[in-house]
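Just so it is clear, the model here is predicted, and its values are computed rather than measured. Indexing begins at 1, ligand by ligand and atom by atom, following the structure's order. Residues take their numbers from the sequence shown, with the count starting at 1.
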Amino acid sequence: MWRPDSWQTRPLQQFPPYPDLPALQKATQELQRLPPLVTEAEIDNLQRQLADAAAGKRFLLQGGDCAESFADCNTDSITAKLKILLKMSLVLVHGLQKPIIRVGRIAGQYAKPRSDEFESRDEQVLPSYRGDLINGAEFDAGSRTPDPKRLLTGYGLASLTLNYIRALTESGFGDLSAAEHWDLSFVADSPRADEYRQVVSDVRRAIALMQTVAPAPAQRTEFFTCHEALHLHYESALTRPGRDHRWYNLSTHLPWIGMRTADLAGAHVEYMRGISNPVALKVGPKLPLDTLRRLCQALNPERLPGRLTLIHRYGADQIESLLPAAIQAIRADGMPVLWCADPMHGNTRTTTNGIKTRRFDDILRELESSFAIHHDCHSVLGGVHFEMTAEPVTECLGGASGLEEQDLERAYKSLVDPRLNGEQALEMALSIVRVSERLC
Ligand code: PEP
Ligand code: CO
């Protein structure tokens, strides 16, 4: 029988090497006593909207840091993250002519799966950084030792982040209509500038309209959160009973299972199958089709619309050979899913200097293939998933400003994976509009 802790009987991947397990137990018990971050009603509302997106009536925009850091829980950073997502959604709403569901990788995206247990620098070998919820990024033995107190710090900072997001979205983001926030002139440098022109002019017209009707009454902006449900002690401590004997993970609206923990017999799938949140599953090139089908069956046995989002992240070179068969298989099973494209995680590469990066053109190529393949298969691509930030970081190559390898070290800040910067993210939103108009 499922319980919030029934996962404890299953093999647990990615469990941090805590030296003090009683301290982990104590932190978990403390978390269990603390209030939830989100509500059942918000979660049910999101699930209905995701069902709409699967039917092509809405579009999901999911994005944010790869690894959110505790230090980023501050006014400027939260405001900037919210604004870039709202700007992208404004581009999309006008371009796609449908409501956008905004879901931030925020207020809890603090735990990271790692392919390598250890990291070595020069002669020293230390445990890998696993996200601020678990250990510190600094390369010294003290900070790399997993510390259960971080679960409580993470909970606290997630709740402060969400509190501020709620304050901002409740009072309306009226100032987004101000023209100075909308400098799209950088796209003129792009080789695709001609194609962007129409979209940019439509967005400009929409903003001008917003200004004309100003001062608009402050409107509530709907915003949801998501994170990878990796640290099951944290997730299950914040799992609470709801109506009709149901259980909800009240730490976030939309938890997902990452590629490294998508194990049918494992703890993460056991935990996720029992909660009533909508859940997402990352689908990578190594996941056999048959396993994918069984995972869908385990996660959505009642075949509820909106319950399951499949986030494919095959990589630009593999998507064409893998996605069509996945679409056919899921359809043949009569399994309702929302398809969402993550064009980031299959396109990570390392430069000759050893820096992890992604090329804008590879990301765009996977995105374009995603739209085209769903279109050709008479399927619906109902969302996109990006690692991005509003800051002018130099982590991904290319884009309108043509970042090159020698630029990467200038402003590389991500603690794990390279993100699109603010301009590259907006350009991606313009491209989504461009691509989907071409397919219509
Ligand atoms: C991520 O979204 O940061 C991530 C690790 O993704 P994936 O599980 O798809 O590799
Ligand atoms: Co990532």
Side-chain angles (χ1 to χ4, degrees), residues 13-16 60-69 72 81 85 103-117 128-134 137 225-232 235 252 254-264 266-269 271-272 279-287 291-292 295 299 308-319 322-323 326 339-350 355-359 362-363 366-367 370 383-389 393 395-396 412-421 424-425 428:
Q13 320 269 357
Q14 298 284 336
F15 183 61
L60 168 67
L61 170 64
Q62 216 181 349
D65 296 314
C66 177
E68 198 183 358
S69 77
D72 269 356
K81 288 178 194 184
L85 274 166
V103 182
R105 288 174 64 118
I106 197 167
Q109 176 50 22
Y110 291 131
K112 296 308 300 172
R114 300 315 303 256
S115 304
D116 299 317
E117 287 269 312
S128 293
Y129 170 61
R130 289 174 177 272
D132 280 5
L133 196 65
I134 292 142
T225 64
C226 66
H227 65 243
E228 176 168 355
L230 185 68
H231 198 304
L232 295 182
E235 305 300 331
T252 189
L254 176 61
W256 80 80
I257 303 184
M259 195 189 69
R260 290 163 192 78
T261 50
D263 172 7
L264 204 45
H268 290 82
V269 173
Y271 168 72
M272 294 284 264
V279 298
L281 174 71
K282 291 283 201 102
V283 180
K286 293 198 194 113
L287 188 66
T291 313
L292 171 62
L295 282 167
L299 293 169
L308 181 58
T309 297
L310 294 183
I311 306 173
H312 50 73
R313 30 90 78 230
Y314 290 119
D317 292 336
Q318 296 201 67
I319 186 164
L322 296 173
L323 180 58
W339 290 103
C340 175
D342 166 359
M344 311 295 295
H345 285 88
N347 295 309
T348 314
R349 51 195 284 279
T350 308
I355 303 175
K356 224 178 175 189
T357 189
R358 292 161 173 157
R359 290 202 311 234
D362 291 339
I363 299 167
E366 178 160 357
L367 196 62
S370 302
V384 286
H385 185 121
F386 293 115
E387 285 188 341
M388 45 174 263
T389 172
V393 297
E395 297 171 7
C396 290
Y412 197 106
K413 297 192 184 154
S414 176
L415 295 173
V416 184
D417 287 339
R419 300 161 295 177
L420 297 170
N421 63 28
Q424 290 169 328
M428 223 28 104

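- Proximity of a side-chain donor or acceptor of Thr252 to a complementary backbone N or O of Thr225 within less than 3.5 Å is detected.
- Inclusion of Pro113 in the set of residues having an N or O under 3.5 Å from an N or O of ligand 1 is not warranted.
- Of all atoms in ligand 1, numbered sequentially from 1 with element shown, those under 4.0 Å from a heavy atom of Gly258 are 8 (O).
- Residues Ser370 and Tyr314 have side chains not in contact (no heavy-atom distance under 4.5 Å, counting atoms from C-beta outward).
- Geometry about the Co ion (ligand 2) gives an angle of 90° between SG of Cys66 and OE2 of Glu387, rounded in steps of 10 degrees.
- Considering CG of Leu60 and NE2 of His385, their distance stands at 9.0 Å, rounded to 0.5 Å.
- A side-chain N or O of Glu235 and one of His227 form a donor-acceptor pair less than 3.5 Å apart.
- Residue-level proximity to ligand 1 for Arg105 is carried by the side chain, the only part with a heavy atom below 4.0 angstrom.
- The shortest separation from a heavy atom of Cys66 to ligand 1 is under 4.0 Å, placing the residue in contact.
- Note that CG of Asn347 and CG of Asp317 are 7.5 Å apart. Values are rounded to the nearest 0.5 Å.
- Within ligand 1, counting atoms from 1 as listed, the ones closer than 4.0 Å to a heavy atom of Trp256 are 2 (O).
- Here the protein heavy atom with the shortest distance to atom 1 (C) of ligand 1 is His345 NE2, 2.9 Å.
- Among all protein heavy atoms, the one lying closest to atom 8 (O) of ligand 1 is Met259 N, 2.8 Å.
- Among protein heavy atoms, atom 3 (O) of ligand 1 sits closest to Lys112 NZ, 2.7 Å.
- Listed here is the closest heavy atom pair of Leu85 and Leu61: O-CD2, 3.6 Å.
- Distance alone, capped at 3.5 Å, is enough to place a donor-acceptor pair between the Ser128 side chain and the Glu117 backbone.
- At least one heavy atom of Glu387 sits closer than 4.0 Å to an atom of ligand 1.
- Residue Arg260 places at least one N or O, backbone or side chain, under 3.5 Å from an N or O of ligand 1.
- Ionic pairing of Glu68 and Lys112 is not present here: no N-O contact between side-chain nitrogen and carboxylate oxygen is shorter than 4.0 angstrom.
- Scanning the protein heavy atoms around atom 9 (O) of ligand 1, the nearest turns out to be Arg313 NE, 2.7 Å.
- Salt-bridge annotation for Lys282 and Glu228: absent, with no side-chain N of the basic residue lying under 4.0 Å from a carboxylate O of the acidic one.
- Residue Lys282 has at least one nitrogen or oxygen atom sitting less than 3.5 Å from a nitrogen or oxygen atom of ligand 1, judged on distance alone.
- Centred on the Co ion (ligand 2), the angle running from Asp417 (OD2) to His345 (NE2) is recorded as 90°, rounding to 10°.
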